[in-house]
There are 2 protein chains.
Amino acid sequence: MKKILVLGAGRSSSALISYLIKNASANDWQITVGDFSKTTAQERVGSSPNARAIAFNIEDTENSKTTIRDADVVISLIPASLHTLVAKICLTEKKHLFTASYVSDEMKNFHAEAKTNGLLFLNECGLDPGIDHMSAIQVIDTIKAEGGRMVSFESFTGGLISPETDPENPWRYKFTWNPRNVVLAGQGTAKYLQDGKFRYIPYQQLFQRTTPITVPSLGEYEGYANRDSLKYVDVYGLQECKTVLRGTLRNKGYCSAWNVLAQLGCCDDTYQMDGIDAMTHNDFLSSFLESGKNVQEEIRKCFSLSANGEELKRLNWSGFFSNEKVGLEKGTPAQALEHILNKKWKLKAGDKDFIVMWHRFRYLLDGKEKEIQAWLTATGEDETQTAMAKTVGLPLAIAAKLLLQNKIHRWGVVIPVAKEIYEPVLAELKELGIGLQEKHI
Amino acid sequence: MKKILVLGAGRSSSALISYLIKNASANDWQITVGDFSKTTAQERVGSSPNARAIAFNIEDTENSKTTIRDADVVISLIPASLHTLVAKICLTEKKHLFTASYVSDEMKNFHAEAKTNGLLFLNECGLDPGIDHMSAIQVIDTIKAEGGRMVSFESFTGGLISPETDPENPWRYKFTWNPRNVVLAGQGTAKYLQDGKFRYIPYQQLFQRTTPITVPSLGEYEGYANRDSLKYVDVYGLQECKTVLRGTLRNKGYCSAWNVLAQLGCCDDTYQMDGIDAMTHNDFLSSFLESGKNVQEEIRKCFSLSANGEELKRLNWSGFFSNEKVGLEKGTPAQALEHILNKKWKLKAGDKDFIVMWHRFRYLLDGKEKEIQAWLTATGEDETQTAMAKTVGLPLAIAAKLLLQNKIHRWGVVIPVAKEIYEPVLAELKELGIGLQEKHI
């Protein structure tokens, strides 16, 4: 019997835990789900005879050691900043570790020791990062195998909402992932490669320097650049590429409306605002304006917006000009903004989210310019069994299964760019209805 | 005999050291000037029989202790981040300390011990902070003594260049102070109080949300808000004030041109640029643009500028569109920008700088709205005896003299807001030609 320990029973864990439970008997697995709240863990586990719920707090080192010691593999969905703690115990206790988070510098440092001990620390094995890596590399490997030379790689992914959810919501967006990360998105400088030149986009330009995206048979979207596209040059073997750009996909109009909030400083998380307890939504925006007397009109002028335009429509729908109290005792601008947005953007019963991932590969084959577009969509079942939870959790679950079935033989700190991993994971995802479509141009 | 130790013989030390040497015989002072470079210190000291130059490195703790032990008061002009080290030794050796730097949290922590030991740690005693505190508080104290109630306080200071220096320079600005601080200026969020409301300006809005300033008999300027105006509410006793705004003064047109550099991300100091060694000035700007092909035209369009307008004129004068190599091996955007600007903005022989400080006080007296404007200007003699060096160094020198003459009896970590300090310092500054003018409206 093999023992799988899942850490974190939050919003992204539902599909992962369901998959593990479903496959438990056939594979002779015992599943343990640990969460800060045992009740939350219990809800995910339900009445399965192959799974149990426990209270788990990674900062309680002794108990964490005991719990991890009892497992064969650990799948961690707790906040990325805590993965170092999990990894340290996994090293001591000689356990494999799976996460959907970016490899941090601390995680990187565990590579040699994990490798020596024959442990797999597989990271970036969710949706983005995760399926994006696997599906892009699969196409790139195919192009190279045919003798093609990559010229350009662009990739955008976004978690949106499906058409039937809140049809009146002009943002076409709700919080399907950590709301805090949505509010703080893009802070720093985005770096990418375009026509052979390094390009930099500071935060203040990010939401006005968007890329139009047309996904075949789906329609038009827009994307803003992610922080660091340059690191994918080596990871994906794109050294010959002239253009390498990764970004976040949104419905059209999202970015120019969000740009107003970003430009005003509403996403700043570096200081506590004064007097937030007495503020209305309108006061909140007002405090970032020069006069602040007629908020909507001042924003319109300041950003040269049309009075009936898409930006003010979105801000208005979100209640930014209302006299409703923010309802926070204290907080940074980013915390207040998240709190206001959450009133309309929180998923409600029956809401369905909608994931879109889109890659464009341009390459030279026999002297001719060729292009492949590959894209994936996924729709949630409801506000719990979200597409986000499926696309983040299932790659982790499948990879863990492959390891326990002795089908993966890579050790150390790894991301899923090797054929040995991406091929079977993508194949099973396709069986589960999460497959990419391709168009060759 | 009293011994004065001056630490740092850089660009702001000339007037301070000249003043001390001039007053040394009459006051029976011996002056020691310590600098990382003994040669630099020697240049400042010249052939005075009352002064000597030494090599000094605050990070060499043992030698620093010996040197400070031998002094009665220490005047530190070394970088503000090193003042904690100086202060620690001054505490151990029971010496007074004078700086022109903002009181850091570390410095604040020395208050009780300095006070117990009867030591004066006088900070913020230069120009800005320094003369701004003293001259503002003097007027505020007068208004309050007359029974007036403060309604609004605004204060702007800037180090510019005098009309005869580089008359063709459209920025009307050169580096008369730490160039790095000029490039990084304003990063973070500016906080102030306006008509009773807290107001926040993020960096991306700072240079487009300027305040027009008319200095009586001088002309029109513009100002951008400093980081934290709110802390002056308590320091200046402005609890009744509805508006409290401090900022940096510039010649008209500076901010809208600088805004282009700030918006493009050229002032970012958080990452190393790629390929900077091969870059021209034009390439540097290009890397922050979307296409980057016709830099000047793209900037014009991106910021809706007039082709013959003031912004492009300034950028052009600074050589930003030229094919001259940047000339750095590596660096952050901010470092590259400073390097490019320095080619035209470095003071050359005979250049004269020009300081403008302007305060506006609005208050109620006997039910009537009253206003006082107070302003100061100072012109440098040349590129060494700058107005900046005079206005930063002389307040420190005068305050040190007052202490050594037993005319100050305040201990602990102090800024010059007490009458006992500001009155004699301002009086002597006026004798030295650095006096504020006032207009009552």
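Numbered from 1 within each chain, the chains take letters A, B, ... in sequence-line order. Note that the structure is predicted; figures quoted are calculated from it, not measured.
- Ion pair Lys301(B)/Glu298(B) not flagged as a salt bridge, since none of the NZ, NE, NH1 or NH2 atoms sits closer than 4.0 Å to an Asp/Glu carboxylate oxygen.
- Chain A forms the most heavy-atom pairs under 4.5 Å with one residue out of Gln208(B), Gln204(B), Arg199(B), and that residue is Arg199(B).
- Residues Leu315(B) and Trp171(B) are in side-chain contact: their nearest non-hydrogen atoms beyond the backbone lie under 4.5 Å apart.
- Annotation: side chain of Tyr271(B) is in contact with side chain of Tyr200(A) (closest heavy-atom distance under 4.5 Å).
- Between atom CE of residue Met273(B) and atom CZ of residue Phe288(B) there is a gap of 3.5 Å, rounded to the nearest 0.5 Å.
- Atom CH2 of Trp258(B) is separated from atom CZ of Arg314(B) by 13.0 Å, given to the nearest 0.5 angstrom.
- Both the backbone and the side chain of Ser286(B) come within less than 4.5 Å of a heavy atom in chain A.
- Between Met150(A) and Glu240(A), every side-chain heavy-atom pair lies at or beyond the 4.5 Å cut-off.
- In this structure, the side chain of Ser287(B) engages the main chain of Phe284(B) through a donor-acceptor pair within 3.5 Å.
- Once rounded to the nearest 0.5 Å, the distance linking OH of Tyr363(A) with CD of Glu371(A) reads 9.5 Å.
- The closest side-chain heavy-atom distance from Ile213(A) to Glu220(A) is not below 4.5 Å.
- Within residues 320-335 of chain A, no residue has any heavy atom less than 4.5 Å from a heavy atom of chain B.
- Using a 4.5 Å cut-off between heavy atoms, Leu289(B) contacts chain A through its backbone alone, with no side-chain atom that close.
- Salt bridge annotation for Lys191(B)-Asp274(A): absent, with no cationic side-chain nitrogen under 4.0 angstrom from a carboxylate oxygen.
- Residue Cys266(B) does not touch chain A at all, counting heavy-atom pairs closer than 4.5 Å.
- Taking 4.5 Å as the limit, every side-chain heavy atom of Lys242(A) sits out of range of all side-chain heavy atoms of Leu193(A).
- Asn282(A) contributes atom CG, which lies 8.5 Å from atom CG of Asn294(A) (distance to the nearest 0.5 angstrom).
- Heavy-atom neighbours of chain A within the stretch residues 244-256 of chain B, taken at a separation under 4.5 angstrom, are nonexistent.
- Proximity to chain A is limited to the side chain of Asp268(B), based on heavy atoms less than 4.5 angstrom apart.
- For Gln263(B) (side chain) and Gln205(A) (main-chain N/O), no donor-acceptor pair under 3.5 Å exists by modelled atom type.
- Using a 4.5 Å cut-off between heavy atoms, Gln194(B) contacts chain A through its side chain alone, with no backbone atom that close.
- Of the listed residues (Asp283(B), Leu264(B), Thr270(B), Ile201(B)), the one with the most heavy-atom contacts under 4.5 Å to chain A is Leu264(B).
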